[in-house]
Number of protein chains: 2
Amino acid sequence: MAATQAGTGRNGRRPSVTDVARLAGVSVGTVSNVLNRPENVAPPTRARVEAAIKELSFVRNASARQLRSGELNTVGAVVLDIANPFFTEMARGIEDRLAQDEYTLMLCSSDENPEREGRYLRLFEEHGVRGVIATPSEGSLDMLLAMRERGIDVVLLDHTSPLPDLPSVAVDDVGGGALATEHLLAQGHTRLAFLNGPLTLRQCVDRRDGVMQTLTAHGLDPATSLVEIPLEALNADGGDDGMRRLLAADGPTPTATFCVNDVTALGALRALRDLEVSVPGEMAVVGYDDVMFANMLATPLTSVRQPMYKMGWTAADMLLRRGSEDLAAEQVEFEPELVVRASSVPA
Amino acid sequence: MAATQAGTGRNGRRPSVTDVARLAGVSVGTVSNVLNRPENVAPPTRARVEAAIKELSFVRNASARQLRSGELNTVGAVVLDIANPFFTEMARGIEDRLAQDEYTLMLCSSDENPEREGRYLRLFEEHGVRGVIATPSEGSLDMLLAMRERGIDVVLLDHTSPLPDLPSVAVDDVGGGALATEHLLAQGHTRLAFLNGPLTLRQCVDRRDGVMQTLTAHGLDPATSLVEIPLEALNADGGDDGMRRLLAADGPTPTATFCVNDVTALGALRALRDLEVSVPGEMAVVGYDDVMFANMLATPLTSVRQPMYKMGWTAADMLLRRGSEDLAAEQVEFEPELVVRASSVPA
DNA sequence: GCGGCGCCATGAATCGTTACACTCAGACGC
DNA sequence: GCGTCTGAGTGTAACGATTCATGGCGCCGC
């Protein structure tokens, strides 16, 4: 009997509290109490209601619930590229911290496309998320600020905050770029290449600044000692293509390449292998992020390490703590760390 | 003036259509029309309403919207592990297909934890998602079936369907396990190891079946020719640990290892490197998935390739097409493909 | 000049849940 | 025996957007 009832699905609309109330012979208020304050309902009544819920396989309607009583335990996050281990590792950190407080995460990937990012942010807001963690691309900052004006907590991730009262978790990317460059200069390289992403991304700009500052600090002129290759895409294929373009270009070929992240470095190494250029002998390579597989590559990759998991965890933590305690905006900045491996130092 | 109005945020509640209507001097119905059927509103009126929307920085409330008019263009997906490139590549496929139809994706990671998976599925249902794409772990299948009874489209991903009318996208994992085993036997190995995940996961069971069938088909007794190592975790550390346990175990050490996926194979290779065991000389290694970095490792990894992106794309496509056309349940099965590299064949 | 037709805009009803003020019965104290 | 208190359950007004039957108004054709 229960089966016939419950199994009908698909045709009628979902059962509501009213249906449950009718079946259990109580009022809707009582059903709501069973759902939300069961201790206020006498055990026999509660049992009857629970039986009715099971019988109808009733599921609360989150929209109605939220419409009536405001808040929702969901946080939205927009990252640049979900296929990049750097971002998924951060996402894990976010998710783990949110799970502690029974929050859930809506994760979206903007593909570095501001329009897509905007669409997701709007969607989050329409859904009434409690807060947003975002790795903004250029132009979307205004939208985030506007959302904050409307009362949605915002934490920037992998992006230093441009405003004192906007919390953020970041890594000193200028320092990271400098770290990589210092290392290559110390190895005796004087002609460097930089495979970089679009300058609409803050990460790319900052790492570039670090490179530039370090070069000039060492008395080198970037115009002659640095070849910049703009990448089509910040993935392995982009890196592969960038390296091929670098090697095909006119003029003296650099002896060392700094890649703006490890995934592109992976592609660059692939191109070097295919073209039979020895690493680090003919071309030293340094990446950025130190993702899981960096130390397991054919040529283990020298990389600038970022504490990805911790960054994500911290961002989520700040968001949740802000919600409850309403404390001042923190701006956490982690220090990058150079991990030297065989791709930049001869054995 | 606009600024003072819009900038107040955080204190009052969000503006509603009523506020917009009042400011524009029209009725709520007209505001709704501007939002949903702008062609039915006279241009001057529309302009007035749009100005009011901007002035108040009004954002639609998705809960109310959905409560009244049913549907919502969101699809939920639960995958086993968001940090595994196999799943993120599938997620990209899903996302790209959904974006074509202006759908959005809520992505969650169950961590192979059925309880967590159940929580996410319930959340999806409460939110009224249009459909769910899931890589189910053991036990959650019942929940998915129940959701389908209640009218939510379900597509299984990376899981063959146990029921004729439940659509699914999968890969022949028995065949994949066989492929790997055939290959190792063809290389002359007779004592194999299998680093496998929990048998609560279908993938692990099927790949194991493929191994077993192949061994017996070749007249080998699994009891003597196969060492099974159950992994603590399906990530690099789990693989590292599993390989160490394998090497430390009593009895003759196998000469070849099949890892249930590439991420664990990466860990296994790491352990072998650290313990100075040569690959493939002393130990051949085969992985599964053929993720992006498999061919770039110190020892390029032989792996069983799965069309990850295409799987995700197809699953999303089936979901969307089902919604509109209401066609019969398809059960797509892709064929795995062995990619031989240096980790299993001496140079 | 009038019926009829489009075009626009209106506003009440509606979705499912929750909060809250309320009733009612029974227990208890004096 | 009367007031009071408590615990259990009730009924209804919100929440915010959408839908749809309704009606006013101007214009066209006969």
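Each chain gets a letter, A, B and so on, in the order the sequences are listed, and its residues count up from 1.
- Looking at A/Gln66 and B/Ser63, their side chains do bring a donor and an acceptor atom within 3.5 Å of each other.
- B/Arg60 contributes no side-chain N or O that forms a donor-acceptor pair with the base of D/dA17 under 3.5 Å.
- Among the heavy atoms of the strands, none lies under 4.0 Å from B/Val31.
- Heavy atoms of B/Ser16 sit under 4.0 angstrom from primed sugar atoms or phosphate atoms, though from no base atom.
- Judged by distance alone, the side chains of B/Glu102 and B/Asn73 never bring a donor and an acceptor atom under 3.5 Å apart.
- Nearest-nucleotide mapping onto DNA chain C: of B/Gly25 and B/Ala64, the residue sitting toward the 5' end is B/Gly25.
- The closest donor-acceptor contact from the side chain of B/Ser110 to the backbone of B/Arg116 lies at 3.5 Å or more, if one exists at all.
- The distance from atom CG of A/Asn36 to atom P of C/dG16 is 17 Å, rounded to the nearest whole Å.
- Backbone-only contact: A/Arg37 has heavy atoms under 4.0 Å from sugar-phosphate atoms and none from a base.
- Atom-to-atom, NE2 of B/His127 to C1' of C/dG16 comes out at 15 Å; the value is rounded to the nearest Å.
- Stem analysis of DNA chain C (at least three stacked-register Watson-Crick or G-U pairs, each with both distances under 3.5 Å) gives C:1-30 with D:1-30.
- Note on B/Asp101 versus B/Arg321: no salt bridge recorded, every NZ/NE/NH1/NH2 to OD/OE distance being 4.0 Å or above.
- The base of D/dT18 lies close enough to the side chain of B/Arg68 for a donor and an acceptor atom to sit less than 3.5 Å apart.
- With respect to the salt-bridge test (charged N to carboxylate O, under 4.0 angstrom), the residues B/Asp81 and A/Arg92 qualify.
- Within 6.0 Å of atom CD in A/Gln100, more than 12 heavy atoms from other residues, nucleotides or ligands are found, so the atom counts as buried in its surroundings.
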